[in-house]
Amino acid sequence: MKTQVGIIGSGPSGLLLARLLHLQGIDTVILESRSREYVLGRVRAGVIEQGMADMLRQAKVGARMDREGLIHEGINIAFDNRLERVDFPKHTNGKVVMVYGQTEITYDLMNAHIDEAGGIVHYESPAIRVEDYDTERPRIIYQQNGKESELVCDFVAGCDGFHGVARKSIPAEKIATFSRAYPFGWLGILSDVPPVKEELIYANHERGFALCSMRSQTRSRYYIQCEVNDKVENWTDDAFWDELCRRLPSEEAANVIRGPRLEMGITPLHSFVAEPMRFGRLFLAGDAAHIVPPTGAKGLNLASSDIYYLSRALLAYYKQKRTDLLDRYSETALRRVWKAIRFSWWYTNLLHKFDNEPMSRRLQTSELDYLTGSEAGQAVIAENYVGLPYEKFE
Ligand SMILES: Cc1cc2nc3c(=O)[nH]c(=O)nc-3n(C[C@H](O)[C@H](O)[C@H](O)COP(=O)(O)OP(=O)(O)OC[C@H]3O[C@@H](n4cnc5c(N)ncnc54)[C@H](O)[C@@H]3O)c2cc1C
């Protein structure tokens, strides 16, 4: 099998890249290890920066998002039984974020790229390795129906997430990795109940962090910081709701509407970056190259900015025979990646319980008091949260 751009992974990175290239007449084939239903069933991110929302519109998959997504003009930060709001438009020249689930984005992309445009995605066809990535004819070796096959391409996009094979196809001495594991996880519940407040609440509490988020006006997503080795089986729905309410200011806790879980899971928190993001004709994008703790809602949005740079670089190659954007891809994408890694790390440190030291807690609450009481402090949170601008890459 042959194609112009071979894409490993049909998560948001792979599907968005395929869709943008397809709209410009460039052929792609996606290889995905899981089934379509499995990919669609994964419950993950939900806060979309304006840059990503614009990318989805450019990919002509933004109509449902614009109809059903919730525009948020701020977030609330809770500490010391107080609730302080950070206004986005005021501090960012009018920018906002959109609440629209990753599941919905994946559904819209599958619908447009596969069902309507006839884009090729081979599900249950795991890539095993990438070969000859430093030649003009890189190959993806993959498995389908128990047989080994190969996909010969001009370029390979490794969009196969943190555990994928694209990054692992590179010899260790050619890749530098940076990582940090945080000493706790997030226990999350998804439930068909109205959210406690119209905008997200990030809570710093002496018992640990809590987040009140949502997918729609009738579906809520709540998280509480938990032990890194905790198990979902240790938590009944009632125990979850009780603990969430303990960590919120009393007024908000009184407004929490409880319901049965649609889904409950534990997410470990990591920061990870692999450098560079380009090896000859193999390009890494999204979680294949970096992951962030979900505190700043950056994982999915970073996947989108990588695809912004990669899609433009590939278009410049096919339409204008230019290779300079391909050459600059890694450096440009990483500059934005590191800023999001830094913000997610800082925001995680600000809001979570790391130890039992009274000094740690006082430092956190005094920093929160300072940030939320200062226009400059609010601007720092707002401009990072709505997303730093994509660099011009034309
Ligand atoms: C549990 C969880 C919760 C999260 N919550 C948030 C959040 O609240 N906010 C936020 O911003 N981000 C969150 N994220 C991060 C966000 O979901 C990711 O950043 C985003 O999915 C990245 O998209 P991607 O396409 O790069 O990778 P992925 O979505 O991981 O997609 C990679 C795809 O590659 C496939 N694949 C893997 N190996 C192979 C192979 N060998 N061959 C073929 N296909 C392969 C996988 O099956 C998958 O479909 C969360 C992530 C997880 C895991």
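All ligand and atom numbering here is 1-based and tracks the order in the structure. Predicted, not measured: the structure shown is a model, and the values here were computed from it.
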Starting from atom 18 (C) of ligand 1, which protein heavy atom do you reach first, and at what distance in Å? Asp287 OD2, 3.3 Å
Tyr329 ring centre to Arg278 NZ or CZ under 6.0 Å, with the angle to the axis within 45°? no
Lys298 NZ/CZ over Tyr385 ring centroid, <6.0 Å and within 45° of normal: yes
Please confirm whether Ser13 comes within less than 3.5 Å of ligand 1 when only nitrogen or oxygen atoms on both sides are compared. yes
Examine Asn301 against ligand 1 and note whether any of their N/O atoms are separated by less than 3.5 Å. no
Is Pro294 in polar range of ligand 1, meaning some N or O pair under 3.5 Å apart? no
re atom 39 (C) of ligand 1, the protein heavy-atom contact at minimum distance is Ser33 OG, 3.7 Å
Ligand 1 and Thr267, any nitrogen or oxygen pair closer than 3.5 angstrom? no
What's the shortest distance from atom 41 (N) of ligand 1 to any protein heavy atom, and which residue and atom give it? Ala127 O, 3.1 Å
With ILVMFWY side chains joined below 4.5 Å, transitively, what does Tyr222's cluster contain besides itself? Leu83, Leu187, Ile189, Val193, Val196, Ile201, Ile224, Val232, Trp235, Phe240, Trp241, Leu244, Leu248, Val256, Ile257, Met264, Ile266
Under 3.5 Å, side chain of Gln4 to main-chain N/O of Asp27, donor-acceptor pair present? yes
What residue and atom, counting heavy atoms only, is the protein's closest point to atom 35 (C) of ligand 1, and at what distance? Glu32 OE1, 3.3 Å
Among protein heavy atoms, which lies nearest atom 2 (C) of ligand 1, and at what distance? Arg44 CG, 3.9 Å
Hey, are Arg64 and Glu104 close enough for a salt bridge, meaning a charged N less than 4.0 Å from a carboxylate O? yes
Salt-bridge criterion met for Asp160 and Arg167 (N-O under 4.0 Å): no
Report the nearest protein non-hydrogen atom to atom 23 (O) of ligand 1: residue, atom name, distance rounded to 0.1 Å. Pro12 CD, 3.6 Å
For atom 32 (C) of ligand 1, the option (of Gly299, Gly9, Cys159, Ala289) bearing the nearest heavy atom: Cys159
In ligand 1, the atoms that come under 4.0 Å of a heavy atom of Arg42 are 46 (C), 47 (O), 48 (C), 49 (O)
Would you call Asp306 and Arg336 a salt bridge, taking side-chain N to carboxylate O under 4.0 Å as the test? no
Would you kindly specify which portion of Ile8 sits under 4.0 Å from ligand 1, judged on non-hydrogen atoms: side chain, backbone, both or neither? side chain
Charged N-O contact under 4.0 Å between Arg258 and Asp242: yes
Which residue and atom name correspond to the protein heavy atom nearest atom 37 (C) of ligand 1, and how close is it? Asp160 O, 3.1 Å
Is there a donor-acceptor contact under 3.5 Å linking the side chains of Asp355 and Ser360? yes
Judged on heavy-atom distance to atom 6 (C) of ligand 1, which of Gly158, Gly11, Ala45, Ser35 sits nearest? Ala45
Looking at Asp324 and Arg322, does any basic side-chain N land under 4.0 Å from a carboxylate oxygen? yes
For the 3.5 Å polar cut-off, considering only N or O atoms, please tell me whether Gln102 and ligand 1 meet it. yes
